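Predicted model, so just to flag it, every value in this text is computed and none were measured. So that the names make sense, note that chain A is the first sequence line, chain B the second, and so on, each numbered from 1.
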Amino acid sequence: MEQNKEMTAQESLQLIRETMNNSRKAILRNSAKYFLLWGTLLTVMSLVIYFLWHATGKPQWNFLWFVLPAIGYPVAGMMRKNDVAVPQNEISKMLSSVWSVFGAFSVTISVIAICLVPMNVSLIIVVLMGLAECFSGALLKNWPIIICGFLLGVGGAVIAMLVNSEAQLLIFTLGGVLLALTGLIMKFQNK
Amino acid sequence: MFPKLDPLLHSELRLAVMSILAGVDEADFTYLRKQTGATAGNLSVQIDKLAAANYITVEKGFQGKMPRTTCRITPDGQEAFQQYVDALREYFPQ
């Protein structure tokens, strides 16, 4: 790119449009890897807990859920450290806020359910996750993500009321796959 | 009569830098270089010109042991960029 090139008005507008668009794509491509990270972790963790619970019959394996943020946040932090060159735009900041709020709600509700008031944690978390996924889809203007989020939230809530606690874990496997899929969609949509 | 375009912004590289900075809170020098495809020397000169006009601020610091230059668009820069885009639009009546 040269600094002294004579540009017509049309070329200037085109340059602004292209530069903004390329920058937006680079930022969203970068955000996609966090969706892939959390989606993969959620899928693996839900399957591990499901099989351990199934094999031993001990629901205490659910405490392993707390390992998820213990692994996820440091890994995300390390990934962010390598990301210094990629800035944040309004969409990536809002996506980050939506999922941070989801994380805060999920951890707090789980702790309250364990220590204070027993409740159907799976039902609450799956609804929250569906909502967060819907918001993400709305921010990315992507209808498949919105619809999948809606189906995950509503369908997951219904399934959580119908199946036993052990089988409810598989709802989160589906949620994890959906999260990773969102990351892949973001990656390919912004190539 | 077409409006006069801001000569500081009517330059390929400076306009690209302003277009990137208008959409983010701040951007690293490395990111700007990658997005514009400019050489470090050329980009550095143009950034200095934008900073001298108070269109952007430049902050030099460190990320760990690595030097890091961060650029941010200023309110003056936002306004100048908006005026430039508005002026360009007048070249293409709807």
Quick one: closest heavy-atom pair of A:Met20 and B:Ala22, and the distance?
-> CE-CB, 3.9 Å
Would you name the heavy atoms of B:Glu12 and A:Met7 that are closest together and state the gap between them?
-> N-CE, 3.6 Å
Residue [X] excluded, over 12 heavy atoms near [atom1] under 6.0 Å:
X       : atom1 : answer
A:Trp65 : CH2   : yes
B:Gln78 : CD    : yes
A:Phe63 : CZ    : no
A:Tyr50 : OH    : yes

Could you look at A:Glu18 and say if it's the side chain, the backbone, both or neither that has a heavy atom under 4.5 Å from chain B?
-> neither
Are [X] and [Y] connected, step by step, through hydrophobic side chains (Ile, Leu, Val, Met, Phe, Trp, Tyr) whose heavy atoms are closer than 4.5 Å?
X        : Y        : answer
A:Leu123 : A:Val107 : no
A:Met119 : A:Phe172 : yes
A:Val111 : A:Leu64  : no
A:Leu139 : A:Leu179 : yes

For chain A, which of B:Leu43, B:Thr30, B:Ile20 has the most heavy-atom pairs under 4.5 Å?
->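 Sorted descending by pairs with chain A, the first entry is B:Ile20.
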Options B:Thr70, B:Leu15, B:Leu5, ranked by heavy-atom pairs under 4.5 Å with chain A, top entry | B:Leu15
With a 4.5 Å heavy-atom cut-off, do B:Leu88 and A:Ile16 have their side chains touching?
-> yes
So do the side chains of A:Gln88 and B:Val24 get within less than 4.5 Å of each other, counting heavy atoms only?
->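 Sidechains of B:Val24 and A:Gln88: no contact.
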Could you check B:Tyr84 against A:Ser12 for side chain to side chain donor-acceptor pair (under 3.5 Å), going step by step and ending with a plain yes or no?
-> CA-CA 10 Å; B:Tyr84 181 82; A:Ser12 292; 3.0 Å; yes
Could you tell me whether a side-chain N or O of B:Tyr31 sits under 3.5 Å from a main-chain N or O of A:Ser23, the two making a donor and an acceptor?
->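 Checking the backbone N and O of A:Ser23 against the side chain of B:Tyr31, a donor-acceptor pair under 3.5 Å is found.
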Among A:Arg24, A:Gln10, A:Arg17, which residue forms the greatest number of heavy-atom pairs with chain B at distances under 4.5 Å?
-> A:Gln10
What is the distance from atom OG of B:Ser19 to atom CG of A:Asn22, rounded to the nearest 0.5 Å?
-> 11.0 Å
Check against side chain to side chain contact (heavy atoms under 4.5 Å, CB included), A:Thr19 and B:Gln35 = CA-CA 8 Å; A:Thr19 312; B:Gln35 288 297 309; 5.7 Å; no
